[in-house]
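Take a look at the structure set out below.
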Amino acid sequence: MNIDDKWSSSMSPLRSVGFIVGGIVLGSLLTAGIMISKYNKKAVDVSDAVGQPLFIVDGKTWNTSELPGDSRMEYFDLENNIFNARQAIASKTALRLALSKDLGKPITPENIAKIEDLLPLQSVTEIDARTFYDQNVAKWGLSFFGGKSYEEIKDQLLQQMKHEKARELLATKIKEFEDSGRIKVLLKAPTAPPVKLNLSGFPVRGNANSSKVLVVVADYLCTHCRESEEALEKIYQEFSNKVKFVHVSYPLAPQGLSGALARGAYCATEQGEKEFWDYQKAAFAIPFAKMQPPSLMEPEKAFNLETIELAKSVKLNVEKFSTCLESENARKYIDIVRNQFNENVGFSGTPAFYLNGSLIQVSPQKLAATLKLALN
């Protein structure tokens, strides 16, 4: 969603929204819409809103700390969307001001250069689009593009790639100016209401005794989960001595290959935590094309065989794994996981991240930056 940058007529110094450019505090901005910020600095306990009076029922005043769980999470979602919109518009405007200064452009409330004039974008060619299409088909299968040929989606793909390149350039430039100290957004993110999770029996790595616990809920065939996995591995390498990492295999399609892989994760964990992490790495790399069983084979049998081959490739005890895969315990694991998270207020699918009992609503693209700031 595009948002036009506007100056607030009041320009009050450092109200709820503001930012620093070159050491100067600039005041509030008007929010014209909702969008997701790339550098959401915190995960999310409606801390700013807890205790805030909301309404009166039969003479009793209710505040946010007394709301039922689902209403409290809805209120947080609203606060978080507003924060993200403010964060996005503030960081983008701060960057425009800094770049305009560098380029000698005029800076007034009525006249500030547009971001596309300050950050010229290289065009996306049909060769670029074709290469992107072929690489992803080779890696994930034709299902990555919904079974459509390149010619069918060429125009849409070109537009999406152009938009993504512009988004990445903007995010990279904002981070560069933030890291150098030239711009700083002065916003505090809301914090998600805490939730109770039973983490007994799930695979752990990192510092098992740490009070900082990061829970990752993922489906092996979820595209965003796979993108997140790359960021998570970098986070693990940096914070393995400070953080307890817990993985929960949640199948979005329990009757499909997704479910077989999740049962396989349970069985790999039964053989040891190293065995699980070896299995997980391979499971995230399985081609999307495997989601479709051979036409003459019963689907569950085909998915089980695929999962057993995966276990064999990472040198698990195949006999034990095969027995476990079709066991009642493995099927109960699926029910336990889905029941726990489906009943969890705020959970809406994979990937999902919980840091110290609070849900982090973050896209894979900004996961690393968000977690680094939250964990430091």
Side-chain angles (χ1 to χ4, degrees), residues 1-6 17-22 26 29 31-44 80-103 105 112-124 128-129 132 135-136 156-190 223-235 238 351 353 355 360-376:
M1 178 181 296
N2 293 322
I3 298 178
D4 294 328
D5 293 334
K6 298 181 180 179
V17 181
F19 48 85
I20 293 176
V21 180
L26 298 177
L29 298 172
T31 301
I34 301 296
M35 67 184 292
I36 302 300
S37 164
K38 183 172 179 67
Y39 295 103
N40 183 351
K41 295 198 173 182
K42 288 191 178 181
V44 225
N80 197 49
N81 280 337
I82 292 171
F83 165 79
N84 284 328
R86 288 173 171 166
Q87 175 88 351
I89 206 170
S91 57
K92 181 179 175 181
T93 305
L95 178 65
R96 290 171 64 193
L97 288 166
L99 289 173
S100 293
K101 180 182 177 182
D102 292 348
L103 297 172
K105 303 281 187 181
I112 177 173
K114 295 183 180 296
I115 195 68
E116 53 266 29
D117 296 328
L118 297 167
L119 285 178
L121 183 66
Q122 290 184 341
S123 62
V124 178
D128 296 329
F132 178 82
Q135 286 177 342
N136 280 281
Q156 180 184 357
L157 189 58
L158 282 166
Q159 186 64 28
Q160 288 179 342
M161 289 180 67
K162 182 179 179 180
H163 175 76
E164 180 65 14
K165 182 174 282 192
R167 186 195 65 77
E168 288 180 353
L169 178 60
L170 175 62
T172 299
K173 207 66 179 177
I174 287 173
K175 187 174 187 303
E176 175 188 323
F177 275 58
E178 286 179 336
D179 289 347
S180 69
R182 289 198 61 196
I183 65 174
K184 180 179 180 180
V185 177
L186 308 175
L187 292 170
K188 181 181 178 182
T223 304
H224 290 317
C225 297
R226 293 187 172 198
E227 293 174 0
S228 301
E229 192 61 18
E230 296 179 13
L232 280 166
E233 191 58 35
K234 292 178 182 178
I235 290 287
E238 184 171 350
F353 311 102
L355 181 61
I360 307 175
Q361 295 193 338
V362 61
S363 68
Q365 291 80 9
K366 61 182 180 180
L367 177 62
T370 299
L371 290 180
K372 284 182 181 180
L373 287 166
L375 292 172
N376 273 324

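Just so you know, residue 1 is the first one in the sequence shown, and it goes up from there.
For Asp179, the side-chain contact (heavy atoms from CB on, under 4.5 Å) partners two or more places apart in sequence, or in a different chain, are Lys175. Scanning for side-chain contact (heavy atoms from CB on, under 4.5 Å) contacts around Lys162 gives Leu121, Val124, with sequence neighbours left out. Under the rule for a side-chain contact (heavy atoms from CB on, under 4.5 Å), Gln159 has no partner lying at least two apart in sequence or in another chain.
Between Ala90 and Val185, the closest heavy-atom pair is CB-CG1, 4.0 Å. Closest non-hydrogen pair, Ile183 versus Ala98, comes out as CG2-CB, 4.2 Å. Nearest heavy-atom pair across Ala129 and Met161 is CA-SD, 3.5 Å.
Between Asn136 and Phe132, some side-chain heavy-atom pair lies under the 4.5 Å cut-off. Put simply, the side chain of Arg182 reaches to within 4.5 Å of the side chain of Asp102, judged on heavy atoms.
Ion pairing between Lys173 and Glu176 holds under the 4.0 Å rule for side-chain N and carboxylate O. Salt bridge Glu164/Arg167: present, at least one basic N to carboxylate O contact under 4.0 Å.
Expressed to the nearest 0.5 Å, how far OG of Ser100 lies from CD1 of Ile115 amounts to 8.0 Å. Remark: Glu178 CD to Leu95 CG distance equals 9.5 Å, nearest 0.5 Å. The line from CG of Leu119 to CD1 of Ile174 is 9.0 Å long, rounded to the nearest 0.5 Å. Taking CD of Glu116 as the start and CG of Leu170 as the end, the distance is 10.5 Å to the nearest 0.5 Å. Taking CD1 of Ile112 as the start and CZ of Arg96 as the end, the distance is 4.5 Å to the nearest 0.5 Å. Rounding to the nearest 0.5 Å gives a distance of 14.0 Å between NZ of Lys188 and CD of Gln87.
Without hydrogens or angle criteria, Asp117 side chain to Ala113 main chain gives no donor-acceptor distance under 3.5 Å. Between the side chain of Ser180 and the backbone N or O of Phe177, at least one donor-acceptor pair lies under 3.5 Å.
Shown here is Lys105, whose NZ atom has no more than 12 heavy atoms of other residues, nucleotides or ligands within 6.0 Å.
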